[in-house]
Each structure stands twice: as C-alpha cells, then as structure tokens.
Asker: 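Here it is, the structure, as structure tokens.
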Amino acid sequence: MRSTQYLLSTMKETPSDAEIVSHQLMLRAGMIRKLASGLYTWLPSGLRVLQKVERVVREEMNRAGSIEISMPVVQPADLWHETGRWDKFGPELLRIQDRHERDFVLGPTHEEVVTELVRKEISSYKQLPLNLFQIQTKFRDEVRPRFGVMRSREFLMKDAYSFHIDDECLEKTYQVMFDAYCRIFDRLGLEYRPVIADTGSIGGSTSHEFHVLAESGEDAIVFSDGSDYAANIEKAEALAPQQERAAAAQTLELVDTPNAKTIAELVEQHGLAIDKTVKTLIVKADDEAQQRLVALMVRGDHELNEIKAEKLDGVASPLEFASEEEIREAIGAAPGSLGPINLDLPLIIDRSVAVMSDFGAGANIDDKHYFGINWDRDLALPTVADLRNVVEGDPSPCGKGHLSIKRGIEVGHIFQLGEVYAQSMNAKVLTDQGKTKVMTMGCYGIGVSRIVAAAIEQNHDEYGLKLPKALSPFALGIIPMNLHKSHRVAQLADKYYQQALEQNIDVLFDDRKERPGVMFADMELIGVPYVIIIGDRSIDKGVVEVKHRASGEKHEIAIDAVFEHLAQLV
RNA sequence: CGGGAUAUAGCGCAGUCUGGUAGCGCACACGCCUGGGGGGCGUGUGGUCGCAGGUUCAAAUCCUGCUAUCCCGACCA
C-alpha cells in the first residue's frame, strides 16, 4: 500500500474524550472513529488488525473441528420468549419492531437462534456432536459504554455452540475448545490466564474466562501462589476463618453516633477498629420468601460479593438493593444505623462475621450504634454463608497457598450449558436406544474487537503501538528520504515495494512528500514492526537501514540482501 | 439510573466571570527555503460558538429548557 493512496488518518494530538491508552492510540493511529456512544467505524488500519485477529480465531476454530456458519443479527422475539430471556435479559437487550409491529431483538448472543437451527436440522445421535461457530457483529445496549472498543455497544464476537448426546461428550469438546483458546491467545502473543468463572446470565454449570492481564482491566481475578488455581473474584470462595471466635470481653452498650453514617466515620470518630465493625446491607427477598427484604452482613473492611449473595436461598436474583424508603418502612431506621440487634428480617452473615466478638453495628435506631456485640450472648448466631469478595492474602480455596489479585480484560468465555436451552426449546434427538433425549450444549465466546484493544493495552510505548507481528496492520514499512528529489532513492524504494508485493508482504510505502520525522512518527504510531529506510547517504555505502520497532535497533544491510534478511523476520 | 464535567474550525484549546464585528496552536491549500526524527518564512481556506426559546439596541458570553459526549458511582448503610 502506498501512503498517498491510503487513509492513514493519524493524529498528533489525543482527542480529549479518550481515557485509556488503547483507546487513545486507536484514535491517534487512525484505527477507529466514533460514530456515537459505543459505536465505532473501523478505519483501514484498524480493520487490518481486526481481521488478523479474526483470521487466527477462524483458523484455530476450524482446526479444533468447529464449522463456520453465519446467523442473522436481527432475531424474532418469539425465540427469546421460549427461553424466557425476553424477560430475564433486561435493558441490555435492544428490542425493535418491524413495519408490522412484530417484536425483534438485535442479537447480543445467539443461543436461541442456533438451538432453533439445530433442533430442526438434527434428529439423530449419529449427527452429534456438532460444533458451529460464527464471527459476527453483536449488539448489547451497555449501561455505560466506555474505553472505545473495549466496552462498546456494537462489537465483533466469535461465538461457537456445541451440541451433544450427553455431558461426557460435552466435557470432551469443552476441553478441546479450552485448548483451542489457549492456542489462539498464544498465537496472538497475549499475556493471558484462563480462570474459573461464574456463568452469569448465560446459565449452565462449568465455565472458564480467559483474561488478558492489564491494569486497565475491568475484572478482578485472583491467583494462588501455591497452585494453578485462578478464578474471577466473583467466583472465588472465601474460606471460613480458621480461628475460633474470641470470648466476649466487653459489655453490650448503646452509643449515640449522630455523625457516623459510614464505616469510615464510625472508625474515625469512635476509635473502633475497622475489623470490629460490620456492614448491614438490605436486599430484596425472592418472590417465594415470607418477607420482602433480607439483611446481609459483612465485616466493615470487606465487600459484599453480589454473585454469591444472589445465589443464596431467599435472596432475589438478580440482586436488588432495598431503597431507603423500603428500609425505613421495614426497620424504622435509616441506612447508616442498621445492625443485627432487634432486626425483624431474615439475616445472613458472612463467615468472617460469625467469628467476630465485641463488635460494633447499627442499633436499628437512627443515630445509635451498639458496641460490644457478641453472638450467642446478645443474640443467636444467624445463618452463616460465604458472602464476601476474597482479599489479597486470603488462603486459596484450593487449599494450597494464598491469593493475590490482578486486573484482567475478559477476552474469552467458555461454558458448559448443559440442557438449559435445549430443554426450554425442546431440542431433542433419538438415542441409539430409539428414545428421545434433550441435547446437551456448550457455548464458547471470544471478543474479537475487544482483543484488539486488549492487545494494545499490553503492547505499546510512548511512540505508539507495538503489536506482535501476528497483529500489526503492516508487516513492513518503506521510508524513503528525499523521495521526490532523488531518482536513486525513488528507484530503489519502488523496487523494494514491488518486491514486497510479489512476496505477499503487507507493506506500507510512505510515498508522501513528508519530512522524515513525520514518516518515522507515523510508522511508529501504527506499529510497523520493520521499516526499511532508504537515503542517498546509505546508498553511497551500498546499504540501506532496517529498523526494528520493538527493540529500536537499526541495522545496515547490503542493498541486495535486504529481502533475504527480512525473510527470516517478516 | 444518581452525581460531576464538558460542548467554540478536522484535532487540542482560549474567549464566557465583566454582553459590543470569533481567536491561538496543530492540521489543510498555495509559494519559497529546508531535507535522516512531527522544520522555517509568507499568503490563504475553513466556524449558523451543541439545539430551541427568552432577556437586551446588541448574546459564544446572561436566563430557561432540551440534546449529546466524557468521568465517577450504581453494596461499602
């Protein structure tokens, strides 16, 4: 490609609405442009990178035995009613109507559509297992799109779905997909980790996420230093504390705390250690429960894990917090003065809270707290459960070592769905016994467009992108010095360009009438891994220079030996 | 959805408080110089100041409403 015939669209200055580095660089390098919040146009350089990711994904999916199809973006609402997700999915599901006022959705995922396909096409166990994938645009009406294509509303995703006669077969395919994902992320040159994950709104049992490690990651993932254990923090169990509860040393005392509405204020104003305080959180109960609200308690320095909470018996799922009015009506006190004593609601406490003694909590009377609370003495020990997020240094749930916490960008997620969708959509086949049986399913997603952003988060420097060669938009750049005045330079540059084209090398020939600094800066910004620099000065010596983006090193290479030299690199 | 901020040329910004003919840098066009790291000089192009109302002789500037975008939060009682 010649620069003069290309849409380079690089920018010197960073647009003010880009926050994280990948978003800034993608704008500056002329990879994407925003059309509206969460909607991006891919410019040529961005599209090149996107397609390189796509290619690796496609190759590895094919290699792993998955078969490519393409399903519609627009899906009839009926299918979503069948699985119940029309009601469950929430406002992220963009609903639209056609001219006949029939309901449709813009597909955020394709379990319904693929199951509809397979239930019609497949009728015998002999046709299983079947693994289908597509690489296609998805739409999710995110609450808060941000960070460019990292969390956009429209995005490119590879989604695969496998169908099996039984769980044993599903588990085999799941492992095949797991391995294929590792190969994909290896080939893309990413630093990543598979972690144990929650299945979330998709449903099912076993699940792993693949995370690219990055400070800007939106997820917290935890690792054991004593084993391979790694999990999303949502899923990591906080083990019960080993130590026994200490004996009561203080008497129960009702204290005026007019200005202590938060744990921080309580600690500061009343000299209470933070691990001698508790937080009482009021959430909605599930529909079958006797009372409309449930109280949950975690230690003052801990965080509630919403995923764990909403899985508890009696707690509404998805988790919903009670409003201030509801709390006042049920308890008679405002948030900020809540606690376990004289609480007329079902109460579930965290394992760490169960071993606390002499602790302080709200009195369920405005502006008052109880200090010196002790279980069994002052009130019976309520239901105990794992309610909190693990923290750095907690013992690992695997039994070996302790946990550390890192940030990750979720780029892949695989699930053993089991019969969830096939059951509700009546997707059955005949077994070798001639009986009907519901198929069991797996599903496997990769965020293709998100990978582009994640790869940049991991591979950049002050000058711009430094993508691994599997991903960089061009493999080779040609920078001529004084192209428009020196025939020798022009001739040689053109010769190299033709040669690169013949060899099918993705080459960017900067034939603009620009100063060298501009050309260097652009090549570095878009991250061209190798650049041939041609000038009269070096031609006089019978050489040209080849510059390596990653190391910054320049080597003089004999004019005729350049492609031989590059053959090993590009 | 709650809180905060912003909206002026393609990009980055000033001007708004204190109303009086819309500015700077970069980019872009042309000319000359320069020619191995975002160069120099000169001449230009480009803006219904987010939208709609209002106040005023006069509004980018003051008032009201709306919209869009970004950030933070949406358990941390």
Side-chain angles (χ1 to χ4, degrees), chain A residues 8-20 23-24 27-28 30 33-39 90-91 143-148 257 260-267 274 277-284 295-310 315 318-324 326-328 331 333-339 343 350 360-364 366-367 369 387-389 463-464 479-486 489 510 512-525 531 533-540 544-545 547 552 554 556:
Chain A
L8 206 48
S9 284
T10 52
M11 285 191 277
K12 209 189 302 194
E13 287 181 277
T14 304
S16 56
D17 57 3
E19 192 67 14
I20 62 170
H23 187 197
Q24 294 174 346
L27 291 167
R28 287 225 293 132
R33 288 292 182 263
K34 186 173 72 185
L35 176 64
S37 182
L39 302 175
V143 203
R144 192 177 153 207
R146 58 185 139 178
F147 305 149
T257 52
K261 303 287 183 208
T262 66
I263 295 292
E265 286 165 353
L266 200 61
V267 167
I274 192 161
T277 65
V278 295
K279 289 190 270 209
T280 308
L281 311 160
I282 310 299
V283 300
K284 302 271 176 72
L296 307 175
M297 276 177 54
V298 295
R299 211 169 71 187
D301 56 336
H302 286 155
E303 289 178 2
L304 181 72
N305 180 309
E306 293 191 26
I307 305 283
K308 291 175 182 173
E310 69 186 23
V315 175
L319 194 71
E320 202 182 337
F321 284 84
S323 69
E324 198 162 334
E326 288 170 314
I327 291 174
R328 182 160 286 287
I331 301 173
S337 302
L338 305 181
L343 180 71
D350 184 64
N364 298 322
D366 280 339
D367 301 330
H369 278 74
L387 278 182
R388 67 175 176 97
N389 280 337
Y463 304 109
I479 295 185
M481 297 293 152
N482 226 351
L483 175 72
H484 299 271
K485 288 207 177 147
S486 166
V489 169
D510 201 340
R512 293 175 301 173
K513 200 173 175 180
E514 279 291 354
R515 300 183 57 84
V518 175
M519 296 192 281
F520 281 119
D522 277 345
M523 288 287 179
E524 277 153 14
L525 181 55
V531 176
I533 303 155
I534 306 163
D536 281 312
R537 205 192 283 172
S538 51
I539 291 176
D540 287 342
V544 293
E545 283 168 272
K547 187 169 182 188
K554 272 190 212 170
E556 293 192 338

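Chain letters run A, B, ... following the sequence lines, proteins first, then strands; residues in each count from 1. These values consider heavy atoms only, across backbone and side chains, with no hydrogens, waters or symmetry-generated copies.
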Asker: With a 4.0 Å cutoff (strictly under), does any side-chain N or O of A/Lys554 reach OP1 or OP2 of B/rG36?
Answerer: no
Asker: Considering Watson-Crick and G-U wobble pairs with both distances under 3.5 Å, what does B/rG31 pair with?
Answerer: B/rC41
Asker: Quick one: the side chain of A/Glu19 and the base of B/rC71, do they pair up donor-acceptor inside 3.5 Å?
Answerer: no
Asker: Using heavy atoms to find the nearest nucleotide of RNA chain B for A/Glu524 and A/Gly38 separately, return the residue whose nucleotide is more 5′.
Answerer: A/Glu524
Asker: Give one of base, sugar-phosphate or nothing for A/Val298, where a contact means two heavy atoms less than 4.0 Å apart.
Answerer: nothing
Asker: When you check the phosphate oxygens OP1 and OP2 of B/rA77, does a side-chain N or O of A/Thr280 lie under 4.0 Å from one of them?
Answerer: no
Asker: Within the pair A/Arg515 and B/rG35, is there a side-chain N or O less than 4.0 Å away from OP1 or OP2?
Answerer: no
Asker: Just call it for A/Ser538: base, sugar-phosphate, or nothing, with non-hydrogen atoms closer than 4.0 Å on any strand.
Answerer: base
Asker: Under 3.5 Å for both donor-acceptor distances, Watson-Crick or wobble: does B/rG10 have a partner, and if so which one?
Answerer: B/rC26
Asker: Specify the separation, in whole Å, of atom CE of A/Met519 and atom P of B/rG39.
Answerer: 12 Å
Asker: Once you apply a heavy-atom cut-off of 4.0 Å, does A/Lys547 come out as touching a base, just sugar-phosphate, or nothing?
Answerer: base
Asker: Classify the nucleic acid contact of A/Leu304 as base, sugar-phosphate or nothing, counting any heavy atom under 4.0 Å across all strands shown.
Answerer: base
Asker: May I ask you to say what A/Ile327 touches in the nucleic acid, namely base, sugar-phosphate or nothing, with a heavy-atom cut-off under 4.0 Å?
Answerer: base
Asker: Using a distance-only criterion (donor-acceptor N/O pair, under 3.5 Å, no hydrogens), is the base of B/rG38 paired with the side chain of A/Glu514?
Answerer: no
Asker: Taking 4.0 Å as the cut-off, does a side-chain nitrogen or oxygen of A/Ser16 come that near to OP1 or OP2 on B/rC13?
Answerer: yes
Asker: Which part of the nucleic acid, if any, lies within contact of A/Lys34, taking any heavy atom under 4.0 Å across all strands shown: a base, the sugar-phosphate backbone alone, or nothing?
Answerer: sugar-phosphate
Asker: Go nucleotide by nucleotide along RNA chain B from the 5' end; which of A/Leu525 and A/Ser337 gets its closest nucleotide reached first?
Answerer: A/Leu525
Asker: Heavy atoms only, 4.0 Å cut-off, all strands: where does A/Asp301 land among base, sugar-phosphate and nothing?
Answerer: nothing
Asker: So, OP1 or OP2 of B/rC70: does either fall under 4.0 Å of a side-chain N or O from A/Ser37?
Answerer: yes
